[in-house]
*Asks:* 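I am attaching a structure below and will ask some questions about it afterwards.
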Amino acid sequence: MNKVIALEELSSFVAPGDSLGIGGAWMASHPMAAVRQLMRDGIGDLHVIGSLSSIDVDQLIGAGLVRELTFSMVSLEAYGLAPHFRKAVQDGTLIINEISGVAINVGLDAGARNLPYLPMRDIGASQLPEVTPDAFAEITCPFTGERLLAIRAIVPDVAIIHVLRADAAGNCQVEGPMACDPELARAAGRVVVTCEEIVETEVIARNPATTHIPGFLVDAVIEAPFGAHPTTHIPRYGFDAWAVMEYADACADGLADTHIAQLASESEAAYRERVLSADKRAVLTTIARNPKTLETQGT
Amino acid sequence: MSDYRIEELMVCRIASEVDDSGVTVLGSFTPLAYAAYMLAKLTHAQDAYLVGFNAIGMPAVELNLTGVEAAIYSGALAYWSFGPTTQTVHLGKRGLVECVSPAQIDGSGAFNLACIGDYNNPKVRMPGGAGSPEVMQHYERILVYFGRHDKRTLVDKVDFRTGQRYPLEASARLERGLLAGAIRVITPLAVLVKDDDAKPFRIETLNPGVDVTEVIENTGFELEVPTNIGTTAEPTPEQIKLLRDRIDPYATIKFDFLDAQSRKDMLRDLLQGEWDRALATSRENVGA
């Protein structure tokens, strides 16, 4: 079955008002090309669900496309607080459902299993269940009588996920950080993957151990080279910290709107042309290919 | 005694908690903790299982800003996703050590990564705690570190409880199916420890040259002050050499100890160096 579509056709799968799960974690493997396409198409009123979010969610909020956010963290890490997330929460313009990071995985797992919730042990005296009561409930184990925490199932209408390679049927391989992307793909109603390259099925079959999202979960496949940029996609390219710092600086200098407007107004090919100079490509691929590991023996 | 910086002493104190009896996970950007785990892996804990970005059994890596993930993945023994990692390590009682570096902690052990001010109308909205509520409750050894020890950070009461390990008494924890273990707070002044909800944090050790009064005056909550307080161990020359020559040659561990502007300057300098080195390497590879 051929599920390949162009990036420009993403809007056939993500509608305004949808709940949208976004893959990746920290500064790794966020589906940034798809995020940029949502900005180009202005698909708004979204309920975004992230796990460990960063520039992906911050840009969507900056573009005014997010009504509600389910999250455990939104951060630019060393590069500062996520400016649009921070401002939107401080201004009261964003509905937030703050959930602890492991509980999000449990909620996705429940969604994938067609269950209304799954239990886990408690999270101590955290106030998160108090401020996000729709996500957590205290229950009693029917077998042991122990007090446990029920986590409501998380079932996004649609998920966008970036992977290393996929075939036309949507069998996806990953050889680096994959966050909770497989769990997200199992839980979501529809799944759109972007990938560094589309390959023949026989390429997938040669190394099935790296297929973490099988094609039967996937609805559409989009080829998007550097599709996680400026976040990483190991083993292809390292972290474009220079670009993230530029984003943070632009926001700090009051140029956020210009920055977001530029992303929304240019094609993905034009984005790559503008942002990824020959030197930048050389640097990012070199970082990914020359790992600095330390020998533990003989020290 | 060797010549060392305070952050190096803190790295060594954290490293001493890491061994091969459980799994140690690299959390969100915490360079001091990363350096400590690598140091343990290169010295007393060569068999320690480290996990970074769901790379299970990762090797020790050099610390930098752009290449750590590639290094972590290049030598790891298994690639998982968050599902199996968190079910097995966080919720499955295999979590040994994790460090948290929140904006605030109070005398109950509650910490805040959410907001300054009221949760529903915050003065400053911060990133959120990621998996720290679960880590704090479920791991064996909880280390909370700060680049500064003052009453803005060690507060009377946190503005929001992102997480709080509760209960703390070993017997109550075991009864609830949780791992027992204390919370330690590691700062430029001292190491504080708490293992009983009914008692305040106790000064476990003072860092060399620090007077007990300085710790009390800069702490926003009550402290138990034992009559005899030991001194935090100083780094050995071998530890310092490993840190400076191999693990953290660009001194990323200074990050937590700098103000906002100095951090920015430091990031710019580090990134310029990483750009230059990567570009030089790519040209060598083309020439080869």
Side-chain angles (χ1 to χ4, degrees), chain A residues 25-26 28 51-52 71-75 77-79 81-82 85-86 89-90 92 98 100-103 105 109 120-128 131 146 175-183 212 232 234-235 238-239 241-242 245 279 282-283 285-288 290-294 296 299, chain B residues 28-29 38 41-43 46 53-55 59-62 64-67 69-71 73-75 79 81-83 86 90-91 110 114 119 121-122 124-131 133-134 136-138 160-166 177-178 242 246-247 255 267 271 275 278-279 281-282 285:
Chain A
W26 292 296
S51 146
L52 305 177
F71 74 106
S72 76
M73 180 178 83
V74 184
S75 173
E77 302 196 351
Y79 307 90
L81 298 173
F85 162 73
R86 173 186 173 179
V89 178
Q90 289 174 195
E98 186 168 6
S100 49
V102 172
N105 292 291
D109 197 6
M120 59 182 243
R121 284 187 196 275
D122 68 86
I123 49 173
S126 168
Q127 255 178 296
L128 291 175
V131 296
E146 290 172 286
E175 297 177 10
M178 64 189 102
C180 56
D181 294 354
E183 292 81 4
H212 293 283
T232 66
I234 304 299
F239 177 37
W242 301 273
M245 194 153 189
D279 278 359
V283 164
T285 51
T286 300
I287 289 165
N290 294 272
K292 301 270 195 291
T293 55
L294 303 171
T296 48
T299 51
Chain B
S28 300
F29 189 75
M38 301 314 143
K41 183 89 180 146
L42 290 182
T43 55
Q46 298 199 357
F53 296 98
N54 297 305
V61 303
E62 179 193 286
N64 55 56
L65 295 174
T66 57
E69 282 168 58
Y73 272 76
S74 74
Y79 296 168
S81 59
F82 274 132
T86 57
H90 295 65
L91 301 177
Y119 184 84
N121 186 19
V124 181
R125 175 63 221 199
M126 297 185 294
E134 287 94 353
M136 182 61 83
Q137 179 70 331
H138 293 279
F160 181 80
R161 291 192 312 276
T162 295
Q164 182 187 342
R165 188 171 177 92
Y166 181 87
L178 301 165
L242 281 171
R246 299 184 65 204
I247 295 167
F255 187 81
L267 291 173
L271 287 175
W275 177 276
L279 204 54
T281 304
S282 80
N285 292 348

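Throughout, a chain's letter reflects where its sequence line sits, starting with A, and its residues are numbered from 1.
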*Asks:* Identify which part of A/P177 has an atom lying under 4.5 Å from any heavy atom of chain B, answering side chain, backbone, both or neither.
*Replies:* both
*Asks:* So which of B/Y73, B/F255, B/Y166 has the largest heavy-atom pair count under 4.5 angstrom toward chain A?
*Replies:* B/Y73
*Asks:* Do A/P182 and B/S81 have side-chain heavy atoms sitting under 4.5 Å apart?
*Replies:* yes
*Asks:* If you define the side chain from C-beta out and look only at heavy atoms, does anything of A/I287 sit under 4.5 Å from B/N64?
*Replies:* no
*Asks:* Is there a donor-acceptor contact under 3.5 Å linking the side chains of A/E77 and B/S28?
*Replies:* no
*Asks:* Find out whether B/P122 and A/V89 are in side-chain contact, i.e. whether some heavy atom of one side chain is under 4.5 Å from a heavy atom of the other.
*Replies:* yes
*Asks:* Who are the ring pair (Phe, Tyr, Trp, His ring centres under 6.0 Å) partners of B/H138, not counting sequence neighbours?
*Replies:* none
*Asks:* What part of A/Q90 is in contact with chain B, defined as an atom under 4.5 angstrom from a non-hydrogen atom: side chain, backbone, both or neither?
*Replies:* both
*Asks:* Roughly how far, to the nearest 0.5 Å, is the CD atom of B/E69 from the OG1 atom of A/T232?
*Replies:* 3.5 Å
*Asks:* Using non-hydrogen atoms only, which part of A/T285 is less than 4.5 Å away from chain B: side chain, backbone, both, or neither?
*Replies:* neither
*Asks:* After noting the C-alpha distance and the side-chain angles of B/T162 and A/Q127, does the key distance pass the side chain to side chain donor-acceptor pair (under 3.5 Å) rule?
*Replies:* CA-CA 6 Å; B/T162 295; A/Q127 255 178 296; over 6 Å; no
*Asks:* How far does CG of A/N290 sit from OG of B/S282, to the nearest 0.5 angstrom?
*Replies:* 9.0 Å
*Asks:* Please determine, among B/G163, B/G75, B/G67, the option with the most heavy-atom pairs under 4.5 Å with chain A.
*Replies:* B/G163
*Asks:* Can you tell me which of A/A179, A/A25, A/P291 forms the most heavy-atom pairs within a distance under 4.5 Å of chain B?
*Replies:* A/A179
*Asks:* Considering only heavy atoms, which portion of A/T286 lies under 4.5 Å from any heavy atom of chain B: side chain, backbone, both, or neither?
*Replies:* side chain
*Asks:* Which atoms of A/L52 are under 4.5 Å from chain B, going by heavy atoms: the side chain, the backbone, both sets, or neither?
*Replies:* side chain
*Asks:* Among A/S75, A/G101, A/A28, A/A241, which residue has the highest count of heavy-atom pairs closer than 4.5 Å to chain B?
*Replies:* A/G101
*Asks:* Heavy-atom cut-off 4.5 Å, strictly under: side chain, backbone, both or neither for B/A130 against chain A?
*Replies:* both
*Asks:* Tell me, out of B/L279, B/L271, B/N54, who's got the most heavy-atom pairs with chain A below 4.5 Å.
*Replies:* B/L271
*Asks:* Quick one: are A/S126 and B/Q164 in side-chain contact, heavy atoms under 4.5 Å?
*Replies:* no
*Asks:* Which one of B/A110, B/A114, B/G83 has the most heavy-atom pairs closer than 4.5 Å to chain A?
*Replies:* B/G83
*Asks:* Quick check on B/F53 against chain A: is it the side chain, the backbone, both or neither that has a heavy atom closer than 4.5 Å?
*Replies:* both
*Asks:* Looking at A/A103, A/A82, A/S51, A/A78, which has the largest count of heavy-atom pairs under 4.5 Å with chain B?
*Replies:* A/A78
*Asks:* Measuring only between side-chain heavy atoms, which start at C-beta, is B/F82 closer than 4.5 Å to A/D181?
*Replies:* no
*Asks:* How far apart are the C-alpha atoms of B/V124 and A/L81, what are their side-chain angles, what is the distance that settles it, and do they pass the side chain to side chain contact (heavy atoms under 4.5 Å, CB included) test?
*Replies:* CA-CA 10 Å; B/V124 181; A/L81 298 173; 4.0 Å; yes
*Asks:* Name the member of B/G128, B/P127, B/A55 that forms the most heavy-atom pairs with chain A at distances under 4.5 Å.
*Replies:* B/P127
*Asks:* Salt bridge (Lys or Arg N to Asp or Glu O under 4.0 Å) with A/R86: which residues, sequence neighbours excluded?
*Replies:* none
*Asks:* Is A/D109 close to chain B through its backbone or its side chain, or both, or neither, when contacts mean heavy atoms under 4.5 Å?
*Replies:* side chain
*Asks:* With a 4.5 Å limit on heavy-atom distance, are the side chains of B/E134 and A/R121 in contact?
*Replies:* no
*Asks:* Can you measure from CG (B/L267) to OH (A/Y79) and round to the nearest 0.5 angstrom?
*Replies:* 5.0 Å
*Asks:* Under a 4.5 Å heavy-atom cutoff, which of B/Y79, B/F29, B/F160 has the most pairs with chain A?
*Replies:* B/F160
*Asks:* Heavy-atom pairs under 4.5 Å with chain B are the metric here; pick the option from A/H212, A/E175, A/E146 that has the most.
*Replies:* A/E175
